[in-house]
Amino acid sequence: MAEAVIFVLMAVAALAGALTVVIARNPVYSAIGLLATLFSVAVLYVAQLAHAVAAVQVIVYAGAVMTLFLFVIMLIGVDKSEDRDERLPYQRPLTLAIGGLIVVVAATLTLAGFDWVPAATAISVDATNGTVERIARPMFTDWVLAFETTALLLTIAAAGAIALAHYRRREG
Amino acid sequence: MTTPEVSWLAILPELLLALGAGVVLLVDVEWKPPAWVLGGAAGLAIFLATGVTVVQWIEVADVVRADLAADLVVFSGLIVMDGFAVFGRLALLAVTAMGLVSGWRLIESTGRRGAEAIALVLLATAGFSLMVSSNNLVMLFLGLEVGSIALYVLAGLTRERAGSDEAAMKYFLLGSFASAIFVYGVALLYAGTGELEIIAIREFFSRVVVANPAVLMVGLGLIIVGLGFKVSAAPFHAWAPDVYQGAPAGLVGYLAGVAKVAGFAAMARIFLTGVVELEASWVPVMGGIAALSMLLGSVVALVQSDVKRMLAYSGVAHAGFIMTGVVGAVSDGVLFYVAVYALQLVGAFAVVSAVSGPAVTASELSDYKGLAAKSPGLAAGFSVLLLGMAGMPLTAGFVAKFGVFSGAWDRGQHWLVIIAVLASVIALAFYLRIIVTMYMEDAEGAETAVPVPVRWVVLLAVAATIGWGIFPGFLLDLASDALAL
Amino acid sequence: MLTALILTPMVGAVVVALVPARRRELHLPLGIGLSMITLTLAGYLFWAFDPVAGYQFAEDLAWYRPWGIGWRLGVDGISMPMVVLTALLIPISLGASTTITRRVKEFVALTLLLEAGMIGAFLATDLFLFFVFFEAVLIPMYFIIGIWGSERRVYAAFKFFIYTAFGSALMLAGIIALALIHNAQAGAPSFDLADLMRLDISAGTERWLFAGFALAFAVKVPLFPLHTWLPDAHTEAPTAGSILLAGVLLKLGTYGLIRFNLGLFPQASVDSVWIMGTLAVVGIIYGAVVAIVQPDLKRLVAYSSVSHLGFVVLGTFALTSGSLQGAVIQNVNHGLTTGALFLLVGMIYDRRHTKQISELDGLQKVMPRLSGFFLFMVFASIGLPGLNGFIGEFLVLIGSYATLAPLAVLAALGVILAAIYLLWAYQRVFTGLPRSEENRVLSDLSIRELALLAPLAALVVVIGLYPGLLLDRIAPSTESTLDRIEASTGFTVSYPGRLEDVLVVGR
Amino acid sequence: MVDPGWYMALAAALFVIGAMGLLIRRNALVMFMCIELMLNAVNLTLIAAGRALNDINGQVAVFFILVVAAAEVVVGLAIIVSIFRLMSTASVDELSELKG
Amino acid sequence: MADLLWLIIALPLAGAIGLHFFGRFLREPMAGWLATTAVGGSFLIALVEALPFVRGGDRGTTVLLWEWMPAIGANLEILWDPLSALMTLIVTGVGALIHLFAIGYMHGDHGFHRFFTNLNLFAASMLILVLAGNYGMLFLGWELVGLCSYLLIGFWFTREAAAGAAKKAFVVNRIGDFGLMVGLMLVFTTFGTLSYSGVFERAGELGTGWATAIGLLFLLAAAGKSAQIPLYVWLPDAMEGPTPVSALIHAATMVTAGVYLIARSAAIFEMSPTAQVTVATIGALTAIWAATIALAQTDIKRVLAYSTISQLGYMFMAVGATAYMAGLFHLMTHAFFKALLFLGAGAVIHALGDQQDMRKMGGLLKKMPVTAVTMGIATAAIAGIPPLAGFWSKDEVLASLFGRGGWYSALWVLGLVTALLTAFYMTRQWVLVFMGEPRWDPGADPHDGPRVMTVPLVALAGLTVVGGLVNTPLRTTLEHFLDPVYEGLSVQHPPEGWLMFIVLAAVAVLAGLAGIAAAYLAYNRPEELWVGFEAGFQPIWGIWEEAYGVDDIYGSALVAPGKKLAEVAAFSVDTGLIDGAVNGVGRAFRELGARARLAQTGQVRSYAAFLLAGTIAVVIWLVAGGV
């Protein structure tokens, strides 16, 4: 019951945040909206017993990602709030059409009785209780290679950032 | 405490590549040596990786002969070391080597940034080679991202040119959009089956008949879109022409080549192994996309005046042809085709970089006027590659097309094959247009000096095109041995 | 033996390519010499050919087993004459190319490659291999037209390539389908003609496959209304190109119709005799009518090809001994006469640098020899008895009447029209007095040109008076083709369509 | 407890919003945020599904996706910055040199 | 003896080939003599070979020379029977004389040896035609003579008119050949062979319908070669050729090929009265039609040309009425006197420096007596004056027609009228040329030609006088000679009985005399008077002079529309419609591409839109397919 309440609240918050991201004219507001969403999603993780993930979500996103975003926003300038009028031809009708279509599809699917998890099984709480060591064990055994791969990922991120940011006037 | 189960041989190539990348980066930071040192290091890494891959091949053969195929599933199901993966890896390494060589002038010219470029190339290859061997969808996604992110950067390498930057931006935004779609599809598939491992998914479907598969269908659709984007199949191709044109000519060949190889390997693995049971649902969709790609690619390429864009659109068409093979469920045909095509692509872009310079964005058709007179060898080579892409007999392109078409026909996809052959005739038209420009119009400007590396790359590509065109047996055998688990 | 026939020109091409480009004076003689080797081999083939049905000198090397493709060669009475013709026309067309000064080396090499491709196509008894050669010949011909042609060469070459490629596209699908049908019936795919001829194909499928193949060959022949690439290609091509195009390349189409459409799809062939026959006859008359008013000499000859090859197709689908033999021998004849005509037009062009009929007149006064040869070839292609053209036409007409009487009668009209357009052209170009100064100063044939024309003229007469030379070798193969059709469809021609019936009465 | 379907429905909603945002906004930065939104939606789905399936792997997978997201951020922002340096704008509408 | 037969063809052929390659090395007259001896040689051989037939009863032999197209029974084989023997003798005999004449006539022409090459080639071809043992070989000769006629009419190729006439002749002949070709198709399909033996043995089984079809097709062919309605138009133009050619090809030999074809195919015509009537009627109409035209011609050679057409009409009447002997008899005599007339005309033209207009002649009797006398004899002969050859043959033809009765009687009347007209215009010609005042320009000095030219004239005149005696009611040698050929076939003979003969002959002769008298009275007067006389017959005279304007009619009714059609087909249909469609497809694709690329705006967000739209589409498709 409690979970239901939390879910409703957080869902509303998440959606609100998401909408803010999309609608807010000033990137700063968008960033704030995103932040809101991230937090509420983190809470939803907790509600589903994914403690570790939730933690990481907060640390990585709120801590690292969002900061980075804000830095860049500052760099680019906060006053750049974009106007609403659409310059691209057909973009708006197309967007509306797609949006409408998605709604229709969603509606039909729901009415048709959409089964989200056909392979669902009886839930045993401790099995999915995402404490750190419950997560760590598979991560460093079964998933070890994936874990190592993330190293590549980060190296690339670093090298790429350097390659792109490292700037010389007289070139090209 | 269970210790992780590790099979070094399976990941040694990737390790070597990563190692190479690391060395290059560190050495560069530390000593700033001349470019050739870094190049040597990279070359060594690739060479060793290739060697190891060959060893893997033998190993695979033995294991399969010993009928212990299950042993090839390593890292507790994250990746498999089957012939399919090995073949894909070989193709990737070949493309990488040739790509680096043909892009060498560019890398040198970008000075300090060259080191990062080399490192990124190596890492991207490592990522993609993990991707072709992954058996776990999340692992596959990781590999995909490792590769893709590196490619975003490479596309923007010469970012002082607006074009290059724009290309990077477009590639990045759309790419990550597609990745998000793909991984959401993975999530839904997971929701639908409770499995992340491709083989497990296959077993799941052979075991269970899902009563209400809507979520699976959505997931499948998203996965198709995600991979379709990577291989630039219509209507998810829009990025390709702009990126090919914007990215530095020296590297486009590599960019396009590896993405296609990895993308199709993954597609073949997922759809021909994982969800093969559901083909009744996805085959028509895949066929539709294939048909659209072939027609749209060929037709739009007709009216292009920039060779890079033309090649991009021809790439769209080729994506369609190869998907015809996926529809035809001939994984060996797909592998053969994609390998041959990737090599031809690298060769072709090597020519482009030689004609219009390695860093440029535009490569107008008019630059090729009378190339036959200015540098006959290059023109001849380019013609062979183009005819190969067009699928003229006696080139590998023909064998490849033949393979996928017959597969599709065998599956009763007659209409698709008909569209395919007609599309290949349309495509012929614009390949010929380039040849016309090179041979039948009068030269303007001075001799085109062909840098040695480009020479070699083109020569290699041509050799492959003709060699496998006349004696396809060898490669075809490899491909057909390389069946996915 | 047969492999040698294909390889010698290939090797020759390589050899020529290896000679440095600056030694330009070497290339042409070298090429001619090399093609002479092939010609000698072909001559031996003709001599050693044993006039019985079935393939001879057969070779069979597996190429890629899983696909059932193979290097399968063989020669029978239908293909042998074409091979010899090809081998003969190559040195002649090379000899006619002394006026080519740009990129001689490439030209010679490409011509030799073309020869290899064409011979290969005639010899292949494996559909995959056939298709490979069938398509491969397009490339050298494309370059020959596109590089050494006249003003609108690019357009013409482009059209030629795309059009024919389009035609063969569907045939590729058909070939694949055949192999897979064999796979379904025999458990393994095969492209071996012999295997595929044993298939039993459902009537519907057979009709589709027939259509696919027929389209490819109809474009190549070319059959009305798919002919419009031909005049352009001929008009723009250099002399050698025109000779080979008319002499051999088009024959790939008619040859294919006989070998594959009749061979593989007997029932569909029998069902479609009227359609194909009608198209052929329309082509005969239409081509002739259009030829009458062509302002360009080469174009005129090109349209005459459309008309003449109509006879071949008519003969093919009349499915009687006479007509089929006529078709095959007409293939050869058309190669000789039309080839010679293009050669002569080329010689005029070399001197006068125009092909416009309106700019030429009274040439007989200044070039009696050339005009003599021209008139000779004109009459050969009008079908004057005693010359080769007659044999083909007459056999075709006489033979076709048994199956397609009304069409045969209409086709005979083509004979009148041929006289009209060719003789009118001759009158305009050669008779009267040369009015313009340019025409007055032209020089007559040189020894070289005589040497090029003489063999053709000789063959025209020889075949005209002793067709048995070829017919005896052709007949067994055409007979067996007809036997197959008769056996598998029970199709018999109203008396006396078949040779044996005829012989009973004839002697 | 709440049926995982609800979580996944919410995730779907977020995903769609993000996707639509990509079509609507022309500020590269914001578009990029939208992509982050989508990735979050994916994570939410994975976790919910994992829970419903009684399988921990869903949560593990989320980690990797997080890392990917982070890496993308780094590179993406780098690209945005370098573009901004070049043409001092973050609006992707300005980037239409390459077309046709 | 039969083993020498091949020489008959071989000799002139060898002559032709030899002259073609080595002629230019011979000095002028040599080439001519060589050619003449070649033909003369054939004549002698033929003569020797023919002797057995004179004794009668011999049905002849077939000699196979060479397997040509055995599959359809078309080999090179000589059928040596009385009919072919007769034709051979005519061809070689008259041919030799004309060769001889030509040596003088062509003197000084720079194409001298080329001329004799072609002449010999013609002789060979004609012999192939008449000696053929099957329709295939006949067709071979048939076409070859056409070729030679083309070459010889266009001998002076620098003259546009000559070239045009040559082409016209060949094309018109081709129309006839079309008939022959289709006819042969029918023959082959019905009999399964083309060999005479094969066909004639079983001709009896032929159904009337088939017989009629074949017969009419053969008639078309014959009409082409033998210049009958409606295909006669080429012959007058053919006069562009050198006169010996006109004499040999267009009077004595080639043009009679049609008659020969029908006479040879008697067995087929036997089965179809319809075909016979048609042949005869065509003949009659042509006879009178051409005769009227001949009345008003002023060109000396054109008169003879139309006269030839008219006389050929007689032969057709005869063979149509199955009076084959009569027809062939007339063929023979006609060969004599018409060749004579042409050669004479040639001599005159030669003497007056290529003057062909009779209005510019006259009074040549004293200048060129030999020519005048010989031509006079020929004129009398063709007018049917006893006892000259023309009288006997023409009389037999007419008598046979009368004897056949029925519809043929009507033709008989036409024949008589034609006889009268013939006598008139021939006399007119002779008078205009040889009597009255000289109208030629005084510069010229006309005189008889050299020996080589006069000897043939005299020889032919001799034949004209005595030639008729081979077949008189007193001694029907020729009939007996030919009998074996027509064994078992119904052949029309003149009615029996002296009275009948006398009456018919008298009528015919009277007609002839009337014509002669009228012409003599009308034209043996000062110029203005006969000019006025002709003017008195306007407008019909003018129409005749214009040959009924048939050429124009053909021109405007067939040639012009044909050309128009061709142009439409070539430039509207072909380049416009068909090729336009082809190129249209290509353009359509480019157009499509040009539109499609507009979607590639370069805007990331629209790309994203496509991506998303595609995604939705795929998802919908999948879900719809899956659920």
Side-chain angles (χ1 to χ4, degrees), chain D residues 5 8-42 45-46 49 65 68-69 72-73 75-100, chain E residues 558-627:
Chain D
M8 293 168 82
L10 171 63
L14 290 175
F15 189 86
V16 171
I17 293 174
M20 299 308 288
L22 222 61
L23 274 60
I24 296 169
R25 299 305 300 267
R26 73 177 71 98
N27 181 326
L29 211 53
V30 179
M31 294 174 79
F32 190 36
M33 294 182 191
C34 296
I35 290 173
E36 292 300 324
L37 263 182
M38 296 166 75
L39 288 175
N40 265 276
V42 175
T45 314
L46 277 170
I65 294 172
V68 169
E72 270 186 0
V73 170
V75 171
L77 291 178
I79 293 177
I80 293 176
V81 169
S82 86
I83 285 210
F84 182 79
R85 284 209 190 137
L86 199 65
M87 42 188 60
S88 64
T89 173
S91 159
V92 293
D93 287 12
E94 316 298 322
L95 301 174
S96 57
E97 289 311 302
L98 311 169
K99 59 165 172 279
Chain E
L558 299 174
V559 181
K563 198 147 176 288
K564 194 86 205 69
L565 172 74
E567 272 157 2
V568 170
F571 304 123
S572 312
V573 177
D574 203 58
T575 47
L577 200 65
I578 300 177
D579 202 21
V582 174
N583 295 337
V585 173
R587 222 176 296 109
F589 274 117
R590 291 189 62 79
E591 191 53 35
L592 198 63
R595 295 202 187 296
R597 78 183 286 185
L598 294 182
Q600 192 80 4
T601 55
Q603 291 293 354
V604 183
R605 298 190 297 129
S606 57
Y607 295 174
F610 299 151
L611 189 53
L612 199 56
T615 317
I616 303 298
V618 169
V619 167
I620 291 176
W621 193 349
L622 266 169
V623 173
V627 173

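Just so we're on the same page: letters track the sequence lines, and every chain starts at 1.
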Notebook entry, point to check: Which bit of D:Leu23 is near chain E, if near means a heavy-atom gap under 4.5 Å: side chain, backbone, both or neither?
Noted result: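 Its backbone and side chain both get close to chain E.
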Margin query: Give me each pair satisfying side chain to side chain donor-acceptor pair (under 3.5 Å) with a member in residues 8-21 of chain D, each pair once, sequence neighbours excluded.
Written below: none
Using only distance, no hydrogens or angles, which N or O donor-acceptor pairs sit under 3.5 Å between chain D and chain E?
| from | atom 1 | to | atom 2 | distance (Å) |
| --- | --- | --- | --- | --- |
| D:Leu23 | O | E:Arg605 | NH1 | 3.1 |
| D:Ile24 | O | E:Arg605 | NH1 | 2.9 |
| D:Asp93 | O | E:Gln603 | NE2 | 3.3 |
| D:Asp93 | OD1 | E:Arg605 | NE | 3.0 |
| D:Asp93 | OD2 | E:Arg605 | NH2 | 3.1 |
| D:Gly100 | N | E:Gln600 | O | 2.9 |

